[in-house]
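Here is the structure we will look at, set down as structure tokens.
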Amino acid sequence: MPPLEILLGATELWRPTARGGGWATAAALLLLLVSHLSVLLVRRYRRGRLIQPESAAATPAPSTAAAPSSGSSTGIEGLVTEDDLRQLVSSLGVGDREPELEGWESVIAMGNDTVSYKAWCEKTKEGPPKYLSVTTYEGCSTELLRDFYMDNEYRMEWDNTVTKHEQLQYDENSGIEIGRTIKKFPILTPREYILAWRVWESNDNSFYCLVKECEHSLAPIQRKFVRVRLLRSGWCITKVPGRDACQITVLHHEDNGMNIEMAKLAFSKGIWKYICKMNNALRRYPQQHGPSVSILTMQRLIKKFPQALQTTVDESRRSPANTAAAVVPSTNSPGTSPCKKLVKKPTRETIASGLLLIGSIVCLSKGRSNLGAQLAMAFFLKKTFKKDKESGSPRGKN
């Protein structure tokens with residue numbers, strides 16, 4: 001999901017009121033905002049009292065928890081399995097595919113001389129949509145792209161939504177690593193990700209990675225963050241035949257508590273700018289000061305792609321066939337058709353609401369609108385999130 005800040009380059013949507021006017025409106029809105037904030041603080045205080053026993057019960061692990069483990073004593077070897085990899089291979093298709101025939105709606109198709117990007121989304125019964133994307137990088141090897149994607153320290157340099165990353169634990173026997181990442185977006189409460197991942201290498205220098213949300217004793221719940229409870233993401237990096245290029249196919253499903261329509265609008269309008277930013281960062285890679293901790297760890301943990309699956313992949317590439325795309329592992333109820341009709345386009349009311357929401361974010365983040373307008377938009381944002389929560393799709397706090 002691209003950061004919302006990529007949309008914050010528009011011109012001012014609101015102008016200050018005339019000198020000496022609007023104070024009555026501002027005072028009324030301020031009183032209304034104070035009452036809502038009071039209710040919100042009371043609710044957070046009560047929620048915190050309920051969460052506190054759970055946090056206290058999570059006793060810190062010994063300081064050696066992040067050291068290389070021995071055997072299955074770590075208890076994390078089952079977080080990401082070869083069965084998950086098998087489902088990832090099936091979901092990505094590993095060969096030519098036509099996502100539109102499988103019920104995916106095209107979102108964007110853009111490109112230039114060095115990078116091209118295509119993305120599709122699939123609506124789910126509840127929560128945010130799933131995203132399928134294919135990005136092709138010219139003049140790039142699969143090893144370089146793998147290191148770029150796995151280098152969490154370098155990501156903090158070029159991706160200003162990532163404010164912190166720390167390694168929590170890893171297991172050399174299973175190849176699983178667990179980390180904690182904090183992302184900050186304008187206005188919203190920072191999001192906290194506790195993730196487990198694993199990387200495989202195939203015989204033809206292709207790479208697979210699967211990332212899943214998890215919990216860890218070294219990362220108790222904190223009220224100043226929103227803990228992301230759903231993130232399932234998998235990718236495959238392969239060489240483009242006959243060209244000095246490689247591509248990465250990504251399947252991503254995440255629920256970070258953001259308003260669904262706002263997140264969809266942010267993705268469709270801002271993802272290409274984010275891809276170009278990522279491409280520029282890739283061209284400055286590798287780092288001159290040597291591999292980071294993330295890369296050194298990944299190089300020790302990477303596992304060989306299972307031979308049985310390699311045979312399946314090779315056969316699929318020789319005889320391409322479309323396969324149903326499901327999130328890894330699937331979070332949908334079984335029995336859904338892979339060839340359903342394309343989802344409906346957003347209504348005019350939905351688009352207008354999304355545009356007003358983005359405009360409000362622009363204005364509030366700039367900080368130069370008059371007080372009445374700022375309070376009105378803050379109240380509108382609060383109401384929008386509340387309405388979305390009450391519509392039947394449980395959301396996290398904002």
Here's a test for you: under salt bridge (Lys or Arg N to Asp or Glu O under 4.0 Å), which of Glu213, Glu215, Glu254 qualifies with Arg229?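 With Arg229 as partner, Glu213, Glu215, Glu254 yield a single salt bridge (Lys or Arg N to Asp or Glu O under 4.0 Å), made by Glu215.
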Taking only residues two or more places apart in sequence, or in another chain, which ones meet [X] in a side-chain hydrogen bond (donor to acceptor under 3.5 Å, both in side chains)?
X: Asn280; answer: none
X: Trp272; answer: none
X: Glu82; answer: none
X: Tyr117; answer: none

Sub-4.5 Å side-chain heavy-atom contact between Met278 and Trp158: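 With C-beta onward as the side chain, the pair touches.
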Quick test of your reading of the model: are Lys303 and Glu172 salt-bridged, counting only N-O distances below 4.0 Å? no
Ion pair present between Lys212 and Asp84, side-chain N to carboxylate O less than 4.0 angstrom? yes
Side chains of [X] and [Y] only: does a donor on one sit below 3.5 Å from an acceptor on the other?
X: Glu153; Y: His165; answer: no
X: Glu138; Y: Thr114; answer: no
X: Glu105; Y: Trp120; answer: no
X: Asp147; Y: Tyr154; answer: no
X: Arg300; Y: Tyr170; answer: yes

Within a radius of less than 6.0 Å around NZ of Lys239, do more than 12 heavy atoms belonging to other residues, nucleotides or ligands occur? yes
May I ask you to list the residues sharing a hydrophobic cluster with Val162, side-chain cutoff 4.5 Å, ordered by chain and number?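 Val162 clusters with Met156.
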For residues 192-202, pull every pair meeting salt bridge (charged side-chain N to carboxylate O under 4.0 Å, His left out), keeping only residues two or more places apart or in separate chains. Arg180-Glu192, Glu192-Arg227
